[in-house]
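For the single chain, residues carry numbers from 1 onward in sequence order.
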Amino acid sequence: MKKADIGIYGLGVMGRNLALNFNDHEFGVSVYNRNLPGEEDLIAAFSSGEAAGTPIRTFNEVESFVASLERPRKILLMVKAGPPVDAVIDQLTPLLDEEDILIDGGNTHYSDTNRRLETLSQRHLRYIGMGVSGGEEGARHGPSLMPGGNAEAWPPVQPLLESIAAPSPEGGSCCAWMGPQSAGHFVKMVHNGIEYAIMQLIAECYQLMRNGLNMENQAIAHTFESWDSGLLNSYLLEITTRIFNTEDESGSLVLDHILDRAGQKGTGRWTALTALELGVPLPLITESVFARSISSFKDLRRQASDTLRFEAGGEPNAISTTSLREALLGGQLVAFAEGFWLLKTANEEFDWDIPFSEVARTWSGGCIIRSALLQPIATSFRENPDLPHLLLAPAFREILNAVQGGWRSTARFGVERGIPVPATTAALSHYDNLSTKRLPANLIQAQRDYFGAHRYERLDRPGGTFFHTDWTGGHKG
Ligand code: 6PG
């Protein structure tokens, strides 16, 4: 019997849909799932359900699963990130031969991928850490794929991965090699940080329309729908509109019944923590993580809202929804700019070779943050791969000027009405800090030198020369 082109280990929703996707593209597929409590029936259910009538081969024994694969074997691990990945690797490695390829398609922390790469390369096995975005639908019909790791592993898997990925509006498929080590998982982590930011920005527009402009759900739905075109055209706005049109059996909007406590699996937090470690200012992404965190303190917020609530007096200082749209556009640009700034810094720090325009192209279809904005972003990096900051790209100069008024009145409106707009204001702070030639950091330096003799550089002397002042010496003027 002809051996399979790819093996999928893990029959959760992503693994199952990727298996069907590979099969649609005429690749031979073998699948296996561990016999864990609660997962005993997954193989049988898949075999008699979604995979019935297809040539996909299902296995109950890991040895026969591995033996069914064409060499070098290519096994895509679709198991929960963390210790389960190590357990699966430990189970598989004795069965593998040199040059076989393992691909981890989970949301794995990049440091784990670096560690696994190191261990597996000592055994002459090839390893790829691959970001997979697009959820269930993407996995089935075209995800965005962000592989990175052992460069020698790329050519054998490239045709398979490119075939199943979503087509990119930029041309080609939404799959590109992100670089060595854990570059692929790092890019996916940053993708999720941007995802957190855009979701929070949209949520703040909803809150401003609902609580600030007293708009009904239907009007909010129409507004979001009308925004979902031009540069703001995006998957997240599209699903937001759909959410506003989804009713339950009683005919009321499902959204109105959902508890306002946002979950998070950790990738946004990792992005923020990595930004802090690498010294890259990502206020928007970080505030968006905090916004989810504070939402989870529902009881405390309920208590505080009784005593701390600020009631804005007088006439509501109404603004138009056009202003909100401008704030969303400005904010989204900052979200992408923050993501690419972190990527650029990591690229230098870890000596990777991340192709920024390819990252934008890979994100332009299939993934959760796909958006029309990614096309000018890809072009900007193609024209200037050394672009120091995305907001400095000529393509965005006019847009950034045009949204200033609405962006600022949106932030002002939220602040004046006591409606929390942490992401909108953080995005604006990023913009304002970046575009301020002279920040008050001279005072911070003076304070540090005052209490800790930390010394400072002077504007009128060459950089790298440090000075200390005897601040308590009584010298004045
Ligand atoms: C994607 C998503 C996906 C997943 C997130 C959700 O790109 O397909 O980002 O990876 O939905 O893990 O993350 P939170 O639970 O942290 O919101």
Return yes if some donor-acceptor pair links the side-chain N/O of [X] with the main-chain N/O of [Y] below 3.5 Å, else return no.
{"X": "Ser182", "Y": "Ser111", "result": "no"}
{"X": "Asn21", "Y": "Ala139", "result": "yes"}
{"X": "Thr362", "Y": "Cys174", "result": "no"}
{"X": "Thr410", "Y": "Gly406", "result": "yes"}
{"X": "Glu457", "Y": "Gly464", "result": "yes"}
{"X": "Glu326", "Y": "Gln404", "result": "no"}

Proximity of [X] and [Y] rings by center, below 6.0 Å:
{"X": "Phe451", "Y": "Trp471", "value": "no"}
{"X": "Trp407", "Y": "Tyr431", "value": "yes"}
{"X": "Tyr235", "Y": "Trp363", "value": "no"}
{"X": "His430", "Y": "Trp341", "value": "yes"}

Is it the case that the side chains of [Y] and [X] hold a donor-acceptor pair, with the cut-off being a distance below 3.5 Å and no angle test?
{"X": "Glu204", "Y": "Thr424", "result": "yes"}
{"X": "Asn347", "Y": "Asp353", "result": "no"}
{"X": "Asn107", "Y": "Lys188", "result": "yes"}
{"X": "Ser364", "Y": "Ser168", "result": "yes"}
{"X": "Thr113", "Y": "Tyr127", "result": "no"}
{"X": "Asn233", "Y": "Ser229", "result": "no"}

Kindly check if the number of other-residue, nucleotide or ligand heavy atoms within 6.0 Å of CZ (Phe297) is above 12?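 No.
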Count the heavy atoms of every other residue, nucleotide or ligand shown that sit under 6.0 Å from CD1 of Ile294, and state whether that count exceeds 12.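 Counting neighbours around CD1 of Ile294, 12 or fewer heavy atoms of other residues, nucleotides or ligands fall under 6.0 Å, so no.
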Parallel under 30°, tilted from 30 to 60°, perpendicular over 60°: which one fits the rings of [X] and [Y]?
{"X": "Trp352", "Y": "Phe186", "result": "perpendicular"}
{"X": "Tyr110", "Y": "Phe350", "result": "tilted"}
{"X": "Phe244", "Y": "Tyr206", "result": "perpendicular"}

Between [X] and [Y], is there a side-chain N and carboxylate O pair less than 4.0 Å apart?
{"X": "Asp86", "Y": "Arg115", "value": "yes"}
{"X": "Lys344", "Y": "Glu348", "value": "yes"}
{"X": "Arg408", "Y": "Asp432", "value": "yes"}
{"X": "Arg242", "Y": "Glu225", "value": "no"}

Looking at Tyr196, does the NZ or CZ of Arg292 lie under 6.0 angstrom from its six-membered ring centre and within 45 degrees of the ring axis?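 Flagged: Arg292 positioned over aromatic ring of Tyr196.
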Please lay out, stage by stage, how Met215 and Thr321 fare under the test side-chain contact (heavy atoms from CB on, under 4.5 Å). CA-CA 10 Å; Met215 287 166 64; Thr321 52; 3.9 Å; yes
Name the residue from His454, Arg455, His468 that meets the side-chain hydrogen bond (donor to acceptor under 3.5 Å, both in side chains) definition with Asp449.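 Among His454, Arg455, His468, the one that satisfies the side-chain hydrogen bond (donor to acceptor under 3.5 Å, both in side chains) with Asp449 is His468.
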Could you please spell out the steps behind the side-chain contact (heavy atoms from CB on, under 4.5 Å) verdict for Ser380 and Phe356? CA-CA 10 Å; Ser380 298; Phe356 301 119; over 6 Å; no
Could you walk me through whether Ile128 and Leu117 pass the side-chain contact (heavy atoms from CB on, under 4.5 Å) check? CA-CA 8 Å; Ile128 290 178; Leu117 260 157; over 6 Å; no
